[in-house]
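Note sheet for the following structure.
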Amino acid sequence: MITITDIHKNFEHQEILHGISATFDAGKTNLVIGRSGSGKTVLLRCIVGLLTPERGEVLFDGRDIHHLTKRETTFLRQEIGMLFQGAALFDSMDVLHNVLFPLEMFSSKTYQEQLQRARFCLDRVGLSDAESKMPSELSGGMQKRVAIARAIALEPRYLFCDEPNSGLDPISSRIIDRLISDITHEYSITTIVNTHDMGSVRGIGEQILFIHEGRAEWTGTSHNINQASNPHLREFLKHA
Amino acid sequence: MLCKLLHTIGSYLILMRQTFTRPQRGSVFWRQYVHEFYQLGYNSLFIVILMSFFIGALLCVQIKINIWSPWMPRFTIGYAMREVILLEFASSIICIILAGKVGSNIASEIGTMRVTQQIDALDVMGVNSANHIMLPKILAMTSAIPLLVTFSIASGFIGAYVTCWFGGFLSLSDLTYGLQHSFESWHLWSGYIKSLVFAFIIASVSCYFGYTVRGGSIEVGKAGTNSVVVSSVLILFTDLLLTNLLMA
């Protein structure tokens with residue numbers, strides 16, 4: 001479970017996040033939705049520790065990522081998998097070595113076991129036949145699937161996805177959504193997905209946080225989102 | 001202006017502190033190191049040999065045309081050429097050329113990694129991204145430079161021999177005598193010492209500019225240009241200091 005409390009983040013005297021608090025449950029696909037520029041990505045970067053908030057705390061099962069020792073942070077990070085908006089695959093490595101990389105860096109398994117695990121992850125995302133390809137040879141959807149395989153290689157407890165469907169066609173988007181949802185339930189991971197895709201909201205959104213101009217304005221589920229009275233959310237849904 | 005300069009120096013030093021730590025996984029580090037040695041060292045060999053060959057040949061011709069007179073001993077051409085190559089060309093000038101070739105390559109490679117979030121991906125995994133990306137490049141560059149300098153010196157001399165052979169204005173024995181005349185081995189070593197410092201400047205400054213890129217492709221391009229300009233200026237400035245220190 002991840003708990004965030006009163007997160008404030010400024011960029012050059014401009015406040016982007018105005019005290020966001022929320023709880024993201026384990027084993028559920030938690031969605032953060034909102035318009036572009038609402039602060040979703042900044043919030044996610046604060047949660048994973050790529051940005052340090054001015055105020056507030058981010059607890060990973062009781063551990064505040066911004067107040068851990070270097071050693072504890074490195075250990076916690078090995079429990080985190082992240083899917084970036086542009087996949088962020090290492091373009092100097094082929095698909096297999098991209099997935100193998102976190103295992104080589106942190107796993108105590110033998111090389112053969114690491115290879116086995118990397119191949120299992122690629123198989124899990126349906127890309128076992130693409131292991132020798134370079135990232136530039138893959139489509140956007142395939143790159144996202146490789147990034148998911150890399151993110152789950154170390155069997156993380158927390159999975160973060162920043163706009164996993166951006167730039168993808170509806171069919172690829174649903175494949176990625178299904179994959180994220182299945183993995184979340186299979187391994188009982190705490191998953192947080194940033195999106196503005198209503199297909200994802202209806203398809204996999206179990207717990208939803210709506211952000212508007214850096215403020216958490218609504219929380220609920222995909223079942224009761226249509227009954228929400230928040231005017232900004234209604235406006236968002238109307239145009240989605 | 002001064003504030004910006006101090007900020008840049010400060011962030012450069014912080015980044016170097018992050019870089020010079022023990023690698024998290026030795027086997028991954030050595031693989032990266034070998035790869036970078038090949039990329040930065042071996043792949044620069046051809047340009048170094050080519051340029052040194054022609055500069056050696058040209059130096060010989062220029063000294064003959066512009067400096068040499070019947071009152072000077074014939075071996076002076078070889079002697080002057082050796083001193084120029086050992087003291088400045090093979091270390092400083094080759095490093096300035098490499099700042100253009102290798103420096104812009106490093107800055108744009110790391111800059112692209114930054115803007116495509118590959119560095120963020122490393123950070124999220126718990127990898128010390130500065131150490132993982134920059135340390136192999138800096139060590140590979142500094143360990144490849146003595147070899148490049150050696151090849152540069154040898155190619156320069158070969159260029160001079162070839163010119164004398166085909167030009168016919170100096171016998172090979174006179175050239176050989178000049179190259180060996182009053183040889184000070186310290187001149188050779190000071191060239192190597194200077195080149196090690198310059199290699200560190202090229203690699204670390206380029207890494208800094210690449211690593212600190214913010215924005216998109218335009219900023220990556222600017223980082224490449226800035227890394228070449230700053231490395232070249234720093235090389236010349238350091239050359240002045242080191243020459244005074246080492247040759248005094």
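Below, read A as the first sequence line, B as the second, and so on, with proteins coming before strands; counting in each chain starts at 1. Excluded from the calculations below are hydrogen atoms, water molecules and symmetry mates; all remaining heavy atoms, backbone and side chain alike, are included.
Counting heavy-atom pairs under 4.5 Å between each of B/Asn128, B/Val127, B/Thr116 and chain A puts B/Val127 at the top. Per-residue counts of heavy-atom pairs under 4.5 Å with chain B were compared for A/Lys70, A/Met82, A/Glu104; the largest is that of A/Glu104. By number of non-hydrogen pairs under 4.5 angstrom with chain A, the leading residue of B/Met125, B/Gln24, B/Met113 is B/Met125. Per-residue counts of heavy-atom pairs under 4.5 Å with chain B were compared for A/Ala151, A/Pro156, A/Ser107; the largest is that of A/Ser107.
Residues B/Arg114 and B/Glu219 are not paired through a salt bridge, judged by the lack of any N-O separation under 4.0 Å between the basic side chain and the carboxylate.
Atom NE2 of A/His67 has 12 or fewer heavy atoms from other residues, nucleotides or ligands within 6.0 Å. Within 6.0 Å of CZ in A/Arg35 there are 12 or fewer heavy atoms belonging to other residues, nucleotides or ligands. Counting heavy-atom neighbours within 6.0 Å of A/Lys133 NZ, excluding the residue itself, gives a total of 12 or less.
A/His8 and A/Glu15 share a side-chain donor-acceptor pair at under 3.5 Å.
Only the side chain of B/His132 comes within less than 4.5 Å of a heavy atom in chain A; its backbone stays farther off. Of the atoms belonging to B/Val28, it is side-chain heavy atoms, and not backbone ones, that fall under 4.5 Å from chain A. Of the atoms belonging to A/Phe160, not a single heavy atom falls under 4.5 Å from chain B. With a 4.5 Å cut-off on non-hydrogen atoms, A/Leu154 does not touch chain B at all.
With contacts defined as side-chain heavy-atom distances shorter than 4.5 Å, the pair A/Thr190/A/Phe60 does not qualify.
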